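The block underneath contains the structure these notes are about, expressed in structure tokens.
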Amino acid sequence: LEEEEEISAVVNEHAVPWFPRKVSDLDTFAEKVMEMGEELSSDHPGAKDPVYRRRRYDIVQKAKEYRTGQPLPRIEYTQEEKDTWRQVYTRLRAMYPKYACREFLHVFPLLEQNCAYGPDTIPQIEDISRFLKDCTGFTLRPVMGLLTPRDFLNSLAFRVFHSTQYIRHHSDPYYTPEPDCCHELLGHVPLFADPNFAELAQEIGLASLGASDEDIEKLATIFWFTAEFGLCREGTEVRAFGAGLLSSFGELEYALTEKPEKRTFDPSLTAVQKYPITQYQPVYFVADSFRDATSKLREFNSSMRRPFQVRYNPYTQSVEVLDTK
Ligand code: HBI
Ligand code: FE
């Protein structure tokens, strides 16, 4: 307790933002979602469809009620939802051999064998979470919609990824203005089974704990240009590993043409790069490997000012704060 008090004194003195210290602290994020958490913005393809809205509402209520340690909600998807999934799955699955990175291609068949990935079923996050836990210790939690960048990144420190469970509107299977299960399960999930990518993601998460707003913005930008839109070198080729690419057939193809600019991943430059969120990226960053990106990121993180260090303890699933002032 004494130690706790000392640390909070340091924390207060420097006005350090609150951050989760144990995995169950992530329960406090359950109701804190940005736009479209419970309601839909007017330009969402499902905004004027009362049946869709009701369905999305019912699914996100389960996320709202979920608490650490409980079994993850199982959703019984409708035929219409499964049809949407099939269209997205079939089109993307056919592109992966040509465009996705090696690690993604290694994991994908394992998800087909172990987690019922396929054109006919929308996989359940409970099954995926168990699988990921065996691979890298990553687990999933249900979420109502977009979290703030701080909350979203903080959870990565615990190797926890927030996943939505609703699916995009059937009128436009190849478009969604918000994360949905196609984006999470096809785009993000496979790489959380890769040990080196898991380490990269957790490294961003650990750096985000108690970080200043300015540093959160930099880390969110690094997340954007890696986990969302990252490319990597494979011999003489360039391949995609970002989830925003691997869940969008249009941008996946575009990103690997000569049209967009490609720069080498360098955290200090990448962190301050501006980017559009509603159109294809004009600039992508190419990493040499996940390990190389992680070691560059560690170096970059040590240049950020924070009056303490953090260390994740996997035995207790908690963050230890080391006073290094
Ligand atoms: N929230 N639910 C959810 N899913 C995401 O993928 C997500 C998020 N909030 C922020 C975010 N992604 C990132 O793009 C960064 O802002 C960190
Ligand atoms: Fe995403």
Side-chain angles (χ1 to χ4, degrees), residues 17 19-20 26-38 40-41 44 56 59-60 62-64 66 72-73 88 92 104 125 128-129 138-168 175-192 197 200-209 211-230 240-248 251-252 255 267 270-278 281 285 297 301:
F19 60 91
L26 303 181
D27 289 346
T28 61
F29 300 164
E31 294 181 39
K32 280 174 64 199
V33 271
M34 301 170 81
E35 66 200 78
M36 300 193 280
E38 260 170 294
L40 292 188
S41 70
H44 190 293
R56 190 185 177 290
I59 291 175
V60 303
K62 294 180 204 268
K64 192 174 186 173
Y66 172 80
L72 304 185
V88 178
L92 287 169
F104 185 95
I125 62 170
I128 298 168
S129 189
F138 251 93
T139 57
L140 303 182
R141 275 186 77 110
V143 66
M144 297 175 75
L146 263 191
L147 286 174
T148 65
R150 179 183 294 280
D151 294 347
F152 180 76
L153 295 177
N154 278 185
S155 73
L156 297 175
F158 298 81
R159 297 206 173 201
V160 169
F161 176 70
H162 281 85
S163 179
T164 53
Q165 292 186 282
Y166 52 78
I167 196 163
R168 59 196 63 189
Y175 170 75
T176 173
E178 59 172 347
D180 74 334
C181 65
C182 298
H183 171 72
E184 324 279 28
L185 308 187
L186 296 174
H188 284 292
V189 159
L191 284 182
F192 286 122
F197 181 83
L200 174 63
Q202 186 178 28
E203 195 62 30
I204 300 177
L206 287 167
S208 78
L209 299 172
S212 65
D213 289 347
E214 203 184 339
D215 287 341
I216 289 290
E217 195 180 329
K218 289 182 177 168
L219 292 164
T221 303
I222 287 174
F223 184 86
W224 181 268
F225 284 114
T226 54
E228 292 294 353
F229 292 97
F241 72 90
L245 297 174
L246 293 162
S247 62
S248 159
E251 187 160 0
L252 181 55
T270 305
V272 294
Q273 177 64 40
K274 295 276 167 265
Y275 56 89
I277 56 171
T278 55
Q281 300 300 306
F285 287 90
L297 185 63
N301 289 346

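Start at 1 and go down the list; that is how both ligands and their atoms are numbered. Predicted model, so just to flag it, every value in this text is computed and none were measured. No hydrogens, no waters, no symmetry mates; every other heavy atom, side chains included, goes into these values.
- Every N/O-N/O distance between Phe152 and ligand 1 stays at or above 3.5 Å.
- Of the inter-residue distances, the one linking Glu184 atom CD with Ile125 atom CD1 reads 9.5 Å to the nearest 0.5 angstrom.
- Shortest contact from atom 14 (O) of ligand 1 to any protein heavy atom: Phe223 CD2, 4.2 Å.
- Each of the following atoms of ligand 1 lies closer than 4.0 Å to a heavy atom of Glu228: 6 (O).
- The shortest separation from a heavy atom of Thr164 to ligand 1 is not under 4.0 Å, leaving the residue out of contact.
- Not counting sequence neighbours, the partners of Ser248 by the side chain to side chain contact (heavy atoms under 4.5 Å, CB included) test are Glu251.
- The single protein non-hydrogen atom nearest to atom 2 (N) of ligand 1 is Gly145 O, 2.8 Å, given as residue, atom name and distance.
- Cys181 approaches Thr164 most closely through the heavy-atom pair N-OG1, 3.7 Å.
- Closest protein heavy atom to atom 9 (N) of ligand 1: Leu147 O, 2.9 Å.
- Restricting Glu228 to its N, O or S atoms, the one at the least distance from the Fe ion (ligand 2) is OE2.
- Minimum interatomic distance between Trp224 and Ile277 (heavy atoms only, all atoms of both residues): CH2-CG2, 3.6 Å.
- In this structure, His188 and His183 have perpendicular ring planes: the angle between them is above 60°, well past the 30° mark.
- If you number the atoms of ligand 1 from 1 as listed, the ones under 4.0 Å from a heavy atom of Leu153 come out as 17 (C).
- Heavy atoms only, all atoms of each residue included: Leu246 and Ala240 are closest at CD1-O, 4.0 Å.
- In summary, the atoms of ligand 1 found under 4.0 Å from a heavy atom of Val143, numbered by their order in the structure, are 2 (N).
- Among the backbone and side-chain atoms of Glu184, no N/O/S atom is found under 2.8 Å from the Fe ion (ligand 2).
- The shortest heavy-atom distance from Ser163 to ligand 1 is not under 4.0 Å.
- Taking the six-membered ring where the residue is Trp, the centroids of Phe223 and Phe152 are separated by under 6.0 Å.
- More than 12 non-hydrogen atoms from other residues, nucleotides or ligands lie less than 6.0 angstrom from CD of Gln273.
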